[in-house]
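Worksheet: the structure to be examined is printed underneath.
A, B, ... follow the sequence lines: proteins, then strands. Residue 1 opens every chain. Atoms considered below: every heavy atom in the structure, side chains included; atoms not considered: hydrogens, waters and symmetry mates. Only a predicted model underlies this, so the values are computations on that prediction, with no experimental measurement involved.
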Amino acid sequence: MANLEQLLEQHFGYSTFRPGQKEVIEAIIEKRDVVALLPTGMGKSLCYQLPGYVFNRPVLIISPLLSLMQDQVEQLKRFGEKRVIALNSFLQMSEKRNVLQHLGQYRFIFTSPEMLKNSQVQAAFRQAQFALVVVDEAHCISQWGFDFRPDYLKITDWMDAVNRPPILALSATATEAVVKDIKAYLHMSQPFEYIHSVDRVNLHYDVVQLEKPIEKAPWILAHVLKTHGPGIVYTQSRKKTAIYTERLLSNGIRAAAYHAGMEAEDRQFIQQQFLAGQLEWICATNAFGMGVHKDNVRQIIHDHIPSTVANYMQEVGRAGRDGQDALSILLYVQKDEDMTKFIITEDIPQERHVEQYLEYTGREENPAVMLDMHQISETGFRVLSYWMQRLAPQEVQQKLVDIRLSKVSQVDEMKTMVTAQKCIREQLLHYFGQSLNEKPNQCCHYCGIEYGVILKEREHLETLGYMPSWGERLSVLLPNI
DNA sequence: CGTATTTGCGGTAGCGCAAATACGGTGCTCTACT
């Protein structure tokens, strides 16, 4: 077997491994299942890219986003790899057929969990004998599988019959409960686990309690005007991304909105501008962030309570990847959590949906009638179908109740972290089943922090000379909200 | 569930208020229609 350091140098031009990479790669080469939790920006993808050059069978990577697949394909191509393809809905029928017929000629194949449903894909994959299957951003199994993208729970369904390839689950942030879900749904037994510390000493966590929701926008504007970015404002609705953006723009701050209702092209453009430093602030929903590799983000502002501590961790974790100080601020008004709870439970199917589903199946009608009659959302219907196909109706009722309770209690955990009057860093680590080694000087709201120590003050001339054109301001307000 | 916007009401019209209504996140794929 080739020396790993040689392969690293030869294919990627690095001379040494980062922490964790070598252990993970060795376990993969020994054909073990692996769960690897590595910090973002610490070369997670190398953990499957390098083994791709050790094996002579293809590596399959399951990725949550089309844009992420695209990025990774491009990255590999930049390293000179040509035998790489993204198998997704961007391909024409004929291209797809062609790729499936010649799977063996690729070294890296990227695809989505939904693609695995396709029977042609399944047939081709059974033939392919992958050397390794990678589940990238594996926390999605737990975060999205139960109530949003059930195909995340079915990844191993098509594999068990055949000679199941080893699986590598990759993530930056997963709690013990999430790791448990990952292992269960990927049918892993005795995987090798590499888990890094989630503590980020250069991140400083502030909480700002306000009296009324209406105070949030002026607070954010005033704060942005006296500090500096780059930064991300996370908000709860698409509409608010536009409102905040307009406020910042009209005060001379280069900002843009970002949410899932925008055209893919616009989203990509805005992300690129942010990466290139042409935008200082992004006002976004939780659609923004996955796959955004910008190392000098200095601030994250939440205008609301995120739906889970894990989401909070991921979102604040997008700051300070360069190791320099970064500030995270969460604005809180009493009862903010009610809105969060409403949003995350709204789509979960209700008791009556289970009854309706049965009714339509009983009459030998397709239960999808429910969709036509607008009695359930598309997401809700897919989730309901998943559980109805696997559990008895009574169990489905119970499952839906459990999902609801679990979602609500996760919001409560987040609220507790914000309001418990205890060190936020310690609470975060505790949530991930870890403990604190050393508390940094500037720690969190409850230990005491000063913005002036963490951030430099804004130099007024630097940005106030900039005024956006009407076109730019309109384009913020008008995109299909 | 809470907030922001629209509608409804009184009553020589216009406008101020209260009540009613609308709205709220994350992504894949396929298919039929424009």
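Candidate nucleotides B:dC1, B:dG25, B:dG27 were compared by shortest atom distance to the side chain of A:Thr285, and B:dG25 ranks first. Across B:dT26, B:dC30, B:dG27, the shortest atom-to-atom separation from the side chain of A:Leu65 is found for B:dG27. The side chain of A:Pro213 sits closest to B:dT3 out of B:dG27, B:dT29, B:dT3. Counting only heavy atoms from C-beta on, A:Arg149 has its side chain closest to B:dC28 among B:dC30, B:dC28, B:dC1. Comparing B:dC1, B:dG25, B:dC28 by their nearest atom to the side chain of A:Asp338 picks out B:dC1.
Straight-line distance from the CD atom of A:Glu137 to the P atom of B:dC28: 13 Å, rounded to whole Å. As a whole-Å value, the separation of A:Asp147 CG from B:dT26 P is 14 Å. A:Met339 places its CE atom 14 Å from the P atom of B:dC1, with the value rounded to the nearest Å. Here the P atom of nucleotide B:dC1 and the CG atom of A:Asp347 are 17 Å apart, to the nearest Å.
Atom C1' of B:dG11 sits at a distance of 12 Å from the matching atom of B:dC15, rounded to the whole Å. Taking atom C1' in both B:dC33 and B:dG10, one finds a spacing of 50 Å when rounded to whole Å. Using atom C1' as the reference point in both B:dT29 and B:dT7, the two lie 42 Å apart (nearest Å). Separation of the C1' atoms belonging to B:dA13 and B:dC9 is 14 Å when rounded to the nearest angstrom.
At the heavy-atom level, A:Asn118 lies under 4.0 Å from the strands shown only through sugar-phosphate atoms.
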Between A:Ser63 and A:Asp136, does a side-chain hydrogen bond (donor to acceptor under 3.5 Å, both in side chains) hold up when you go through it step by step?
CA-CA 5 Å; A:Ser63 167; A:Asp136 200 7; 5.0 Å; no
Would A:Gln299 and A:His223 satisfy side-chain hydrogen bond (donor to acceptor under 3.5 Å, both in side chains), going step by step from the backbone distance to the final call?
CA-CA 11 Å; A:Gln299 298 199 59; A:His223 175 80; 2.6 Å; yes
Give the intermediate values and the outcome of salt bridge (charged side-chain N to carboxylate O under 4.0 Å, His left out) for residues A:Asp157 and A:Arg164.
CA-CA 10 Å; A:Asp157 283 11; A:Arg164 175 185 174 287; over 6 Å; no
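A donor-acceptor contact under 3.5 angstrom links the side chains of A:Thr340 and A:Gln236, judged on distance only.
Applying a 4.0 Å cut-off to non-hydrogen atoms, the residues of residues 89-96 of chain A that approach DNA chain B are A:Ser89, A:Lys96, listed by residue number.
With a 6.0 Å cutoff to the six-membered ring centre and a 45° limit on the axis angle, A:Lys294 counts as a cation-pi contact of A:Phe274.
Checked against a 6.0 Å centroid threshold, the rings of A:Phe269 and A:Tyr258 do not count as neighbours. Checked against the 6.0 Å centroid criterion, the rings of A:His445 and A:Tyr205 do not qualify as a close aromatic pair.
By the stacking rule of 5.5 Å between ring centres and under 30° between planes, A:Trp144 does not stack on the base of B:dT26.
The shortest side-chain heavy-atom distance between A:Gln389 and A:Leu384 does not fall under the 4.5 Å cut-off.
Side-chain nitrogen and oxygen atoms of A:Arg267 include none within less than 4.0 Å of the OP1 or OP2 phosphate oxygen of B:dT26. Look at A:Asn311 and you won't find any side-chain N or O under 4.0 angstrom from OP1 or OP2 of B:dG25. Side-chain N/O atoms of A:Arg382 include none lying less than 4.0 angstrom from OP1 or OP2 on B:dG27.
Under a 4.0 Å N-O distance rule, the pair A:Asp412/A:Lys341 qualifies as a salt bridge.
Interface remark: the A:Thr379 side chain does form a donor-acceptor pair with the B:dG27 base, using a distance-only criterion of under 3.5 Å.
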A correct dot-bracket answer for DNA chain B, with pairs being Watson-Crick or G-U at under 3.5 Å, [ ] for crossing pairs and | for inter-strand pairs, is ((((((((((....))))))))))..........
